[in-house]
Amino acid sequence: MWHTTRLAAFDLETTGVDVEQDRIVTAAVIGLGGNASTEQHEWIADPGIEIPAEATAVHHITTEYAREHGKPAHVVVDQIAEELVAQIVMGEATIVGHNVPYDLTLLDRECRRYDLPTLHDRLAHTPLHVLDTRVLDQYGLPYRKRPSKEQGARQLITLAQVYQLPWEESEAHGCAYDALMSARIAYRIGTLAHMRRMDWPERIKHHRKAQLHHLGGLTVAELHAAQIEWAAQQAAGLQEHFRKTDPAAVVDGSWPLRPLEASCASN
């Protein structure tokens, strides 16, 4: 069963939300599951640019703290990519995270920024398999309203609540906490996927058109391939919704890595 295999939980905290221009501040890669011991790796980088106040408000790392305690950005970027490769190649792990295209794409652009081999370069012919809790949750429980104006339907905190996992707000947006939470959510989703529908908890049964059972019985490779299609469909639906008020809205459905924009190739 895919949720009981070895996982490499991955998360970044950064200077912003632009995968083409923003930089890594902290990172975590946690190897867990698969009947092996847990391995936790964390980094803090000096990103080489000012960390905006808006980003600091999320992850609580200031420019001054990163400069004092962080390693040079190119060293951290190289070590993150190397650890992911080790988890995938040596540990036969599947990467798990929440909204994975953000993290994998930003890591890819950071590697290119410092003329380092990308994750795909380093993996060569070894396949990359990914579990994205945002995609899996939206496929399995497709209809969900926002819990509030401030909290989105697919935020990590919302998924923790839906799958009844404890949430510590004081630790949230620390990359190790978020990475581990994504792995726990993936495990809960996988557990439900391999249960008989009649045995689901009532809170899950009552979700409109719940189809978590369709996630059961798949290999990791099959689930990875399915998520490529589901992510594209989910993005198309969101784009259609946005275009009701903004006819020019575009939502990128690329998964698990956004293609390199031609205009950014020389950055």
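What you see is a predicted model, and the numbers here were worked out from it, not measured in a lab.
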Enquirer: How long is the span from the CD atom in Gln21 to the CD1 atom in Ile49, to the nearest 0.5 Å?
Expert: 9.0 Å
Enquirer: Should the heavy atoms of other residues, nucleotides or ligands under 6.0 Å from NE2 of His241 be counted, would the total exceed 12?
Expert: no
Enquirer: How far apart are the C-alpha atoms of Leu12 and Thr26, what are their side-chain angles, what is the distance that settles it, and do they pass the side-chain contact (heavy atoms from CB on, under 4.5 Å) test?
Expert: CA-CA 6 Å; Leu12 301 176; Thr26 61; over 6 Å; no
Enquirer: Walk me through whether Lys205 and Glu202 qualify under salt bridge (Lys or Arg N to Asp or Glu O under 4.0 Å).
Expert: CA-CA 5 Å; Lys205 287 181 184 178; Glu202 291 300 316; 3.3 Å; yes
Enquirer: With no hydrogens and no angle check, is any side-chain donor or acceptor of Thr133 less than 3.5 Å from a backbone partner on Ile185?
Expert: no
Enquirer: Using only atom types and a distance under 3.5 Å, with no angle test, would you say the side chain of Arg196 pairs donor to acceptor with the backbone of Met198?
Expert: no
Enquirer: Please list all pairs passing the ring-ring contact (aromatic ring centres under 6.0 Å, His included) test where one or both residues lie in residues 46-95, with sequence neighbours left out.
Expert: Tyr65-His69
Enquirer: Would you find a donor on one side and an acceptor on the other, under 3.5 Å apart, between the side chain of Gln239 and the backbone of Val251?
Expert: yes
Enquirer: Are the side chains of Ile157 and Glu169 in touch, meaning some heavy atoms are under 4.5 Å apart?
Expert: yes
Enquirer: Compute whether any side-chain donor of one residue and acceptor of the other, for Gln138 and Arg144, lie under 3.5 angstrom apart.
Expert: no
Enquirer: Restricting to non-hydrogen atoms, name the atom on Pro47 and the atom on Ala45 that form the minimum distance, rounded to 0.1 Å.
Expert: CD-O, 3.2 Å
Enquirer: If only side-chain N and O atoms count, and only distance matters, is there a donor-acceptor pair under 3.5 Å linking Gln161 with Gln155?
Expert: no
Enquirer: Would you compute the distance between atom CD of Gln151 and atom CG of Leu156 and round it to the nearest 0.5 angstrom?
Expert: 10.5 Å
Enquirer: Are the side chains of Leu119 and Leu123 in touch, meaning some heavy atoms are under 4.5 Å apart?
Expert: yes
Enquirer: Not counting sequence neighbours, list each pair that qualifies as a side chain to side chain donor-acceptor pair (under 3.5 Å) and has a residue in residues 27-43.
Expert: Glu39-Gln87, Gln40-Glu42, His41-Glu83, Trp43-Gln79
Enquirer: Between Ile51 and Val17, is there shared hydrophobic-cluster membership here, with clusters defined by ILVMFWY side-chain heavy atoms closer than 4.5 Å?
Expert: no
Enquirer: Which pair of heavy atoms, one from Ala210 and one from Pro142, lies closest together, and at what distance?
Expert: CA-CD, 4.5 Å
Enquirer: Taking the side chain as every heavy atom from C-beta outward, state whether Arg154 and Arg134 have any atom pair closer than 4.5 Å.
Expert: yes
Enquirer: Do Glu171 and Met181 have side chains that approach each other closer than 4.5 Å (heavy atoms only, starting at C-beta)?
Expert: no
Enquirer: Could you check whether Tyr114 and Asp78, counting side-chain N and O atoms only, form a donor-acceptor pair closer than 3.5 Å?
Expert: no
Enquirer: When clusters are formed by joining ILVMFWY residues with side-chain heavy atoms under 4.5 Å apart, either directly or through shared neighbours, do Val89 and Val96 land in the same one?
Expert: yes
Enquirer: Any pair with a residue in residues 123-132 that passes side chain to side chain donor-acceptor pair (under 3.5 Å), sequence neighbours left out, goes on the list, sorted by first then second residue, please.
Expert: Asp132-Trp255
Enquirer: If you measure from NE2 on His173 to CG on Asp11, what distance do you get to the nearest 0.5 Å?
Expert: 10.0 Å
Enquirer: Looking only at non-hydrogen atoms, find the nearest pair between Phe242 and Ala249 and report the distance.
Expert: CB-CB, 3.6 Å
Enquirer: Is Leu84 close to Leu107 at the side-chain level, that is, under 4.5 Å between some pair of heavy atoms?
Expert: yes
Enquirer: Please report the closest heavy-atom contact between Gln227 and Val130, naming both atoms and the distance.
Expert: NE2-O, 2.8 Å
Enquirer: Does a donor on one side chain and an acceptor on the other come within less than 3.5 Å for Thr15 and Asp22?
Expert: yes
Enquirer: Return yes when atom CD of Glu82 has more than 12 non-hydrogen atoms of other residues, nucleotides or ligands closer than 6.0 Å, and no otherwise.
Expert: yes
Enquirer: Determine, using the 4.5 Å side-chain heavy-atom cutoff (strictly less than), whether Ile189 and Trp167 are members of one ILVMFWY cluster.
Expert: yes
Enquirer: So if you build clusters from Ile, Leu, Val, Met, Phe, Trp, Tyr with side-chain heavy-atom gaps below 4.5 Å, do Phe10 and Val135 land together?
Expert: yes
Enquirer: Report yes or no: do Leu238 and Val100 belong to one cluster of Ile/Leu/Val/Met/Phe/Trp/Tyr joined by side chain heavy-atom distances under 4.5 Å?
Expert: no
Enquirer: Quick check on side chain to side chain contact (heavy atoms under 4.5 Å, CB included): which of Leu212, Leu136, Leu159, Leu192 does Leu141 satisfy it with?
Expert: Leu212
Enquirer: Would you compute the distance between atom OG1 of Thr105 and atom CG of Asn99 and round it to the nearest 0.5 angstrom?
Expert: 9.0 Å
Enquirer: Look only at the side chain of Glu222 and the backbone of Thr219, and say whether a donor-acceptor pair between them is shorter than 3.5 Å.
Expert: yes
Enquirer: Got a second to check how far Asp199's CG is from Ile204's CD1, nearest 0.5 Å?
Expert: 13.5 Å
Enquirer: Angle class for the His194/His3 ring planes (parallel below 30°, perpendicular above 60°, tilted otherwise)?
Expert: parallel
Enquirer: Go through it in stages, so that I can follow the logic: the residues are Asp137 and Tyr163, the test is side-chain hydrogen bond (donor to acceptor under 3.5 Å, both in side chains), and I'd like the CA-CA distance, side-chain angles, deciding distance and then a yes or no.
Expert: CA-CA 10 Å; Asp137 171 66; Tyr163 298 105; 2.7 Å; yes
Enquirer: Do Thr118 and Asp121 get their side chains close enough for a donor-acceptor pair, meaning under 3.5 Å?
Expert: yes
Enquirer: Would you please test Tyr187 and Trp2 for ring pair (Phe, Tyr, Trp, His ring centres under 6.0 Å) and show each step?
Expert: CA-CA 9 Å; Tyr187 187 86; Trp2 54 262; 9.1 Å; no
Enquirer: So, do Arg243 and Val250 sit near enough that their side-chain heavy atoms are less than 4.5 Å apart?
Expert: yes
Enquirer: Within the structure provided, determine whether Ile95 and Leu131 are in side-chain contact (heavy-atom separation under 4.5 Å).
Expert: no
Enquirer: Just one of Arg109, Arg113, Arg112 clears the salt bridge (charged side-chain N to carboxylate O under 4.0 Å, His left out) bar with Glu20, so which one?
Expert: Arg109
Enquirer: Please report the shortest heavy-atom distance between Gln211 and Tyr139, naming the atom on each side.
Expert: NE2-O, 2.8 Å
Enquirer: For Arg203 and Val162, indicate whether the former's side chain and the latter's backbone hold a donor-acceptor pair under 3.5 Å.
Expert: yes
Enquirer: State the CG-CD distance between Leu106 and Glu110, to the nearest 0.5 angstrom.
Expert: 5.5 Å
Enquirer: Which pair of heavy atoms, one from Leu223 and one from Leu218, lies closest together, and at what distance?
Expert: CD1-CD1, 3.7 Å
Enquirer: Decide yes or no for Tyr102 and Thr14: does some side-chain heavy atom of the first lie under 4.5 Å from some side-chain heavy atom of the second?
Expert: yes
Enquirer: Between Val19 and Arg258, is a side-chain contact (heavy atoms from CB on, under 4.5 Å) present by the stated rule, with each step listed?
Expert: CA-CA 9 Å; Val19 295; Arg258 297 175 190 169; 3.8 Å; yes
